[in-house]
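These notes concern the structure reproduced below.
Quick caveat: nothing in here was measured; it's all calculated off a predicted structure. Within every chain, numbering begins at 1; the chains are lettered A, B, ... in the order of the sequence lines, protein sequences first and strands thereafter.
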Amino acid sequence: MANTEVLMAGFGGQGMLLSGKLLAYAAMYDGKEVSWLPSYGPEMRGGTANVTVVISDKPVGSPYIIEPSALLVMNGPSLEKFGARVKKGGLIVINTSLVAVACERTDVTVVYVDAGGLAVKAGAARAANIVMLGVYVGYSGIVSHDLAAKMIEKEFAEKAKFIPANLAAFEAGYSAGVESRKGGA
Amino acid sequence: MANTEVLMAGFGGQGMLLSGKLLAYAAMYDGKEVSWLPSYGPEMRGGTANVTVVISDKPVGSPYIIEPSALLVMNGPSLEKFGARVKKGGLIVINTSLVAVACERTDVTVVYVDAGGLAVKAGAARAANIVMLGVYVGYSGIVSHDLAAKMIEKEFAEKAKFIPANLAAFEAGYSAGVESRKGGA
Amino acid sequence: MKKVFAFTDGLTRLPTHYCPGCTHGVIHRMIGEIMVELGIRERTVGIAPVGCSVLAYKYFNCDMFEASHGRAPAVATGAKRTRPDLMLFTYQGDGDLASIGMAEIIHAANRGEKFTTIFVNNAIYGMTGGQMAPTTMPRQRSTTTPAGRDPAECGFPIRMAELLTTLTTPAFIARVSSHTAAQSVRAKKVIKEAFEHQMAGTCFTFVEVLSICPTNWGLSPKESNRWLEREMMPYYPLGVFKRPQESTGGDHGKH
Amino acid sequence: MKKVFAFTDGLTRLPTHYCPGCTHGVIHRMIGEIMVELGIRERTVGIAPVGCSVLAYKYFNCDMFEASHGRAPAVATGAKRTRPDLMLFTYQGDGDLASIGMAEIIHAANRGEKFTTIFVNNAIYGMTGGQMAPTTMPRQRSTTTPAGRDPAECGFPIRMAELLTTLTTPAFIARVSSHTAAQSVRAKKVIKEAFEHQMAGTCFTFVEVLSICPTNWGLSPKESNRWLEREMMPYYPLGVFKRPQESTGGDHGKH
Amino acid sequence: MPKIDVMVERCKGCERCNEACPQQIVKMSLKFNAKGYKYAVLADPPRCIGCRMCAISCPDSAIEVCIEGAQYEFFAY
Amino acid sequence: MPKIDVMVERCKGCERCNEACPQQIVKMSLKFNAKGYKYAVLADPPRCIGCRMCAISCPDSAIEVCIEGAQYEFFAY
Amino acid sequence: MAKVLMKGNEAIGEAAIRAGCVHFFGYPITPQSEVPEYLAKRLPEVGGKFVQAESEVAASNMIYGAAGVGMRVLTTSSSPGISLMAEAMSYIAACELPVVVVNIMRGGPGLGGILPAQGDYLQATKGMGHGDFDLIVLAPSSVQEAVDLTIKAFELAEKYRNPVMVIGDGMIGQMMEPVSFPDVEIGPPLKPGDWALTGCVNRKPRIITSLYLDAMDLHNHNVHLKKKFAVITEHEQRHEAYNCDGEYDVLVTAFGMMARMCKTAIDTLAAEGIQVGLFRPISLKPFPYEACKNAMLKGKRVLDVEMNMGQMIEDVKLAGLGARQIDFFGRAGGVIPSVEEVMNEIRACHAKAKEKNP
Amino acid sequence: MAKVLMKGNEAIGEAAIRAGCVHFFGYPITPQSEVPEYLAKRLPEVGGKFVQAESEVAASNMIYGAAGVGMRVLTTSSSPGISLMAEAMSYIAACELPVVVVNIMRGGPGLGGILPAQGDYLQATKGMGHGDFDLIVLAPSSVQEAVDLTIKAFELAEKYRNPVMVIGDGMIGQMMEPVSFPDVEIGPPLKPGDWALTGCVNRKPRIITSLYLDAMDLHNHNVHLKKKFAVITEHEQRHEAYNCDGEYDVLVTAFGMMARMCKTAIDTLAAEGIQVGLFRPISLKPFPYEACKNAMLKGKRVLDVEMNMGQMIEDVKLAGLGARQIDFFGRAGGVIPSVEEVMNEIRACHAKAKEKNP
Ligand SMILES: Cc1ncc(C[n+]2csc(CCOP(=O)(O)OP(=O)(O)O)c2C)c(N)n1
Ligand SMILES: Cc1ncc(C[n+]2csc(CCOP(=O)(O)OP(=O)(O)O)c2C)c(N)n1
Ligand code: SF4
Ligand code: SF4
Ligand code: SF4
Ligand code: SF4
Ligand code: SF4
Ligand code: SF4
Ligand SMILES: [Mg+2]
Ligand SMILES: [Mg+2]
């Protein structure tokens, strides 16, 4: 397997750093080498925050990636900033609940998901980031469904009441991911 | 003329730094190159203080001299510390009012002066340092009597009442210096 | 239509990077308005600190410095002493002024430097992510006091206005709050008086302004206002603590 | 014959480098005596400052640090926090503590660090040759205020004991004088109380000691005593300003 | 008649104006501005008394206040 | 009978003991010690009351005080 | 121990605890604040002390105090904060106290920025403070190595009674990677020698001072410090030579995270058939001059890559002493050179190497 | 003007006034205290401001403030005090403010001693603070030169908007020598360009900051600073080559007072028939590498003499790049090598030079 480099981007507070962490953890337990590198704007709140997760079979060289193989965007500015950077043949997952525009690239796979809507349905309005994670896992199969789910359980272990809704959000995303894989492929 | 290096040493407050300055000033007005380098102990009062004056026809190289050609000592510890360093054939002037011991060196000229006593006689008990200066100028002729006297007048210009006594102290020392030159030579 | 409240020429039009509801913006606006009202904008030099207001230099519509963390009073001293015709103000947070910059503010105050310090007390390190400030309240949680500030370990919060008031050198020292409109109205009067003292060359002038940090307090702006009133105001009483006429030096004050 | 006043085992026998009459020596002796009387000499670590007492580490008969200029309170914090079983004292001059070290002493006091600071106020920088200290009196000449300290330029002298007293964190804070035997008797009692509070682990303890500097004041030791009484004592009143029981924090002191 | 102008793109939706208005007539929009904030809107214009409380409490200088005719000076600011 | 012992080589001749002595019996020597100071001497031994004022005021710990027989405790130190 | 995913900053804090350091004094600054934040939680759990100092000046003097009474102690900061420690570091080195200081560098000079950089190389290795003294400086290039070198730092600090600086760019502080820790909860306490101020029970008082009023004493102390560092230089040089076994025309020199990013470039180029060696000093001081020279001599030309304007290049020059041409590629202020950029620079250097030595 | 006999410290103070600098902010420290003491008297006479700062940290930020509003300004200190200026110097350099800082060095590290030394060479020239920046560093070797270079320092600081450090050992501060000053009472005021904060009358507000949140902006600022220093490097190298016209086997390299003391040794040896050259950098930064190399190549071997444990020797090595063997003789901590000692070292070096190149 070549390196997998996922860039997850949104406003600060939208939880993409956490999604990245869950993905990295899952890959680590899967025996992969991983790195997780965040990047923030100067604002304490409302600014942009993104994270790059690299997953590889050998030690990760650069954790800093200009051209990721996948991009998950929660908001418009992030798509604008990073959309053009995704590697040819790569993947872009767009949260349609906050991104109104479409992606114009034709050399990548673009998956549109109403992550906000799915999260609300799952019972955790703030879990759009988990939906996005689910989409990516479902689409890419980079880690198994169960391993990713386990990471979510582990993460929320101390606030157990949030587990069911977050798992539901993950499921919703996962299904959407699997679906679009089938559709897209 | 070779370099003339005079080391003047005593307790802090005994005024040897001033004597050195007067000598350096006189030599400077005489067209010589000069340097004046002080050295203090850690004590604010009562510690040792000494100064090295170098007088030369060409730019002074090192102002820091291990083996001076002349040493003027105001007190016992200074004689102990620096006595052995004076160049062969050099000069040591000892203030007998505070130094009880004699200098054992035979390869240098040693001049004993009761600088304290002469100062008291001159009317300025604290002017023993000026007496010592006088001795050195009188003995060495390194600068003229009048130039040195002028420096004293200049130095005390703002406390004019001290001038006569200090000049008297200088005279007393000067005569002693001239005398010992004759005697010694 | 007559504009009775217009965007002040004392600020640039740049949107700020402050969090929603953060009263840094309110305090900025008051200073901007005062510069215009006193007609001093074109001879004012402001000094931004290191803290959330580090970018204040982009927002004030006057010449601006960015100072190193805590040293704004020293920078202001250098500037004002050599250009006494300029109006100088520093804008400092509680970490900046009361922690690392404690020596500089006390000595500037004690030398009676003729500038104005606006001290924004929000009981937290905003910019670096919510660590304890010298003004953090007992039991208040911060990222470096995860169990709440324990006065037995970290001492009690420091009241800067009161501390500076004890110095003998004449000064204008006050504490106001920015959290409500009503308080802001009072606050602006006091800050204006500080600038006026500076204009007259009278003394060092210092206004502590209580301010909210919704983000690091983990509260909404409204909840933050309530927290400020309940937790901070009893400990940090508002008022003018010292005016230049009122020397605290006793007889020695007259030397 | 019974020795009713003997050379204390709290000091080494080394002659000091202090000027004749300098009361640094008196203060040293009191601390030495107290260490012996309280039986703590073997678990005491002292911290010498940068100043005339820089060599204090040679004179105290206990383990000693030499700290960088003004930072003794930080050094003491590091030592006492990690070895609370030791007794820690700092010995600092007015330049060291009240000028460059202002932030460190205020924050150590405010954190309530459990050590004892002996603050020697001689109204001048002794060691470096008589420059102005924050405690130099108005009109007093120094090598950096050749025309006498002008409060309009340099502000008024800082009263450290009073300044620290305003902090809310409990503390023991006092001012004494070392210039006469009678004052020294009182001084020693107060310093001893400070050490006792430390032994009990109660609070930060601080004793300001007025001291003479004949050399840089340009006076004889006797004249210096008169100058201290006439010029310093009215401005620097003696007394215990704060005891740990007496919180100044109002309700908040009890948090 | 007084009225307020909200600069929609300056507003960060903090609701301080809403809290400050004695008439309780400043509400938050349902739409988002470009930065993603719900912004302040004057819900009941006729009731505005031009007191400026909303503007004074706004950290983002997003509100201006205008008055047609006589201004009643509630307080100096 | 009380008496004081001056450690001559510790003494710096500052005369603080002289100032402190309530009996005014500590005087300065005419001779110098090795460091060049005139040192303290007990001028009128029988008048010494052993009060320790001289020792307490000495910055150089140059004075010790001894008492033969009962000590009158003027004050605690 | 099993691997955990941890931020570099937190991992450094945990590593200190495993090394037996349960006392921390420090001040917040981005991008290192997670160290104090982590330790504020952890140290009370292990019976240690966490103190938020009022400034970096104070923090650096607090560790002086803690080390002086014989306790293992840590402080961490980032570039501007490290500058404020200059005086204290000089004192600590002069007094030969074992402390560990971590610098998670950000862009400079001045307030600069908060993004990763390597602009404090010269400060750390040459001019940290006034007077002659030397820090041991270790530069990790992964979170795991940050852990290992932090532990090593305490060992070296105590062995040589010399302050040690662990220096990394903001990336290493902020990124998460899997790490494992040695299987001890807390290491053994420091065994202070006969220098620590522990109370003078049954012995003469001890003194910790850097004041030597007699010039000859101070000179001799300086000679002693230099001799000690000569021993350190002999025994404590660390480096990694990557892809240096075979033949190569170009040697890349780089340290810390930058070196690791060069590895990706080197691997990719190898696929293109261009063999490139990498020399990475791990101990920036003592700098492994000899090893660096040997690696240089095997190739024809050198490309020094740093996240600054060219600082380590002076040491590379001192290693090579003119034997090889040295090109430089640097980005300062938080700009992280991409692998592609590095590859391009290597290609250019390679072309020049071929040109001169066809 | 007629010559006067003056202490170096006082002469530096007077020189600043002649250069038009009437504002001083500083803190006492031996052996530099005569500068503030002198200026405390003099500045009020010339309408300037003397402020005794509460610390060196404050002093260095005060000059930042004064320079920022377009005023010529000076601070002076000695080794430990200079360390405390590290952060502010980084800010000042980043903001390109023209200030002059004088360091009258004493023995280190730590509190060290109060006697003359040259132990801050590397700090001044390499690692004064965090981030990439460069000071211009000038090293006088007589009181007259201290005067001349202080005046020059203001000129360079303003020309390049770069902080300048004048660095001398305690001897140069404490000794008296005859000096003459340029015949102006006070030089012209600084003509600040479009960067000074003078009040925004009829113009847009100006900002002095070193914060660049965008990494690329900060990188570009770094590139700008480096380019500026490249210009300085091209134009502002200063050195003295003494006895270098004829032939010599041994070249002595030394700076400041030490170089001057070497001259006495060289003169004396010349009388013995041993010709020795002396290379003295006057600008320690930019270091005159080229000129140094040329002087080295003329001889067979180099003896570097410093009042420290070997600091400038790195620059001498970088100049020679292995072309010549370099011996070192140093005394630290306030020990002033005597002329005799230097002569012995030169003789030994000379013998080795002869041996190798008979
Ligand atoms: C020398 C130095 N130390 C630390 C920092 C990191 N730092 C930046 S802002 C800040 C605290 C700011 O808090 P405060 O002054 O209360 O301002 P606020 O953000 O709350 O407005 C710190 C510690 C720095 N930039 N420089
Ligand atoms: C960082 C630093 N700055 C300045 C000095 C120089 N210095 C030594 S002692 C001293 C002042 C001491 O005065 P004070 O604290 O009042 O002690 P005193 O000598 O009066 O007892 C100064 C400024 C120094 N050693 N280190
Ligand atoms: S972090 Fe706090 S102080 Fe900083 S901008 Fe946000 S709310 Fe304001
Ligand atoms: S200078 Fe002053 S403080 Fe220092 S030892 Fe002398 S008298 Fe005491
Ligand atoms: S001006 Fe007054 S009444 Fe009108 S909207 Fe604003 S706060 Fe409400
Ligand atoms: S106070 Fe200002 S920023 Fe906040 S909601 Fe109202 S208009 Fe918007
Ligand atoms: S003990 Fe008392 S009476 Fe006796 S000499 Fe001393 S001071 Fe005088
Ligand atoms: S007080 Fe002490 S030092 Fe002073 S004269 Fe008396 S015995 Fe001597
Ligand atoms: Mg704050
Ligand atoms: Mg003092």
Side-chain angles (χ1 to χ4, degrees), chain B residues 2-3 5-8 12 16-44 47-69 82 85 87 143 147-148 150-151 154-155 158, chain H residues 2-11 30-31 33-34 111 113-116 141-145 169-180 240 242-243 254 256-271 278 305 307 331 334-343:
Chain B
N3 277 5
E5 305 118 349
V6 194
L7 176 58
M8 309 182 174
M16 292 313 267
L17 269 51
L18 175 61
S19 305
K21 185 175 148 192
L22 295 171
L23 180 65
Y25 245 122
M28 182 187 96
Y29 280 117
D30 209 24
K32 302 273 177 21
E33 301 280 349
V34 298
S35 71
W36 175 100
L37 180 71
S39 153
Y40 320 87
E43 300 89 352
M44 287 301 309
T48 54
N50 64 70
V51 61
T52 305
V53 175
V54 180
I55 302 172
S56 176
D57 289 332
K58 14 177 262 160
V60 176
S62 176
Y64 171 71
I65 302 295
I66 305 271
E67 302 185 351
S69 50
F82 301 118
R85 287 211 204 148
K87 272 200 194 105
V143 293
L147 194 50
K150 216 158 126 192
M151 293 304 113
K154 210 181 142 213
E155 176 66 28
E158 283 171 22
Chain H
K3 290 205 171 187
V4 285
L5 199 60
M6 253 180 138
K7 274 202 170 192
N9 280 335
E10 301 183 344
T30 310
S33 294
E34 292 87 354
L111 187 51
I114 55 173
L115 296 172
S141 78
S142 70
V143 175
Q144 181 65 55
E145 203 182 13
D169 61 71
M171 238 183 306
I172 234 177
Q174 295 296 323
M175 70 191 287
M176 283 209 265
E177 287 193 309
V179 277
S180 63
E240 178 190 7
Y242 182 79
N243 211 35
M257 282 301 294
M258 193 64 245
R260 166 170 169 181
M261 292 158 71
C262 289
K263 283 188 194 169
T264 306
I266 287 169
D267 290 351
T268 317
L269 284 168
L278 169 74
V305 185
M307 273 157 59
R331 288 284 176 265
V335 176
I336 305 171
S338 71
V339 170
E340 291 72 22
E341 283 174 294
V342 174
M343 281 167 56

Task: Leading residue by heavy atom contact count with chain B [cutoff under 4.5 Å; candidates H:K263, H:M258, H:E177, H:M257] - done: H:E177

Open item on the list: Evaluate B:M8 against B:N50 for side-chain contact (heavy atoms from CB on, under 4.5 Å), listing each step before the verdict.
Closed with: CA-CA 5 Å; B:M8 309 182 174; B:N50 64 70; over 6 Å; no

Task: Minimal non-hydrogen separation, B:G61 against H:T264, with atom names - done: CA-OG1, 2.9 Å

- [ ] Look at B:G20, B:P38, B:P59 and state which one has the largest set of heavy-atom pairs under 4.5 Å with chain H.
- [x] B:P38

Open item on the list: For the interface with chain B, which of H:K7, H:M171, H:M261, H:M176 has the highest count of heavy-atom pairs at distances below 4.5 Å?
Closed with: H:M176

Task: Residue, of H:S338, H:A259, H:P178, H:A265, that accumulates the most heavy atom pairs under 4.5 Å with chain B - done: H:P178

- [ ] Using modelled atom types only, decide if a donor and an acceptor are shared between the side chain of H:Q174 and the backbone of H:P31 within a distance under 3.5 Å.
- [x] yes

Open item on the list: Using a 3.5 Å distance criterion without hydrogens, assess whether the side chain of B:W36 forms a donor-acceptor pair with backbone atoms of B:L17.
Closed with: yes

Open item on the list: Heavy-atom cut-off 4.5 Å, strictly under: side chain, backbone, both or neither for B:V54 against chain H?
Closed with: neither

- [ ] Inspect the contact between H:E145 and H:R260 and indicate whether a charged nitrogen and a carboxylate oxygen are less than 4.0 angstrom apart.
- [x] no

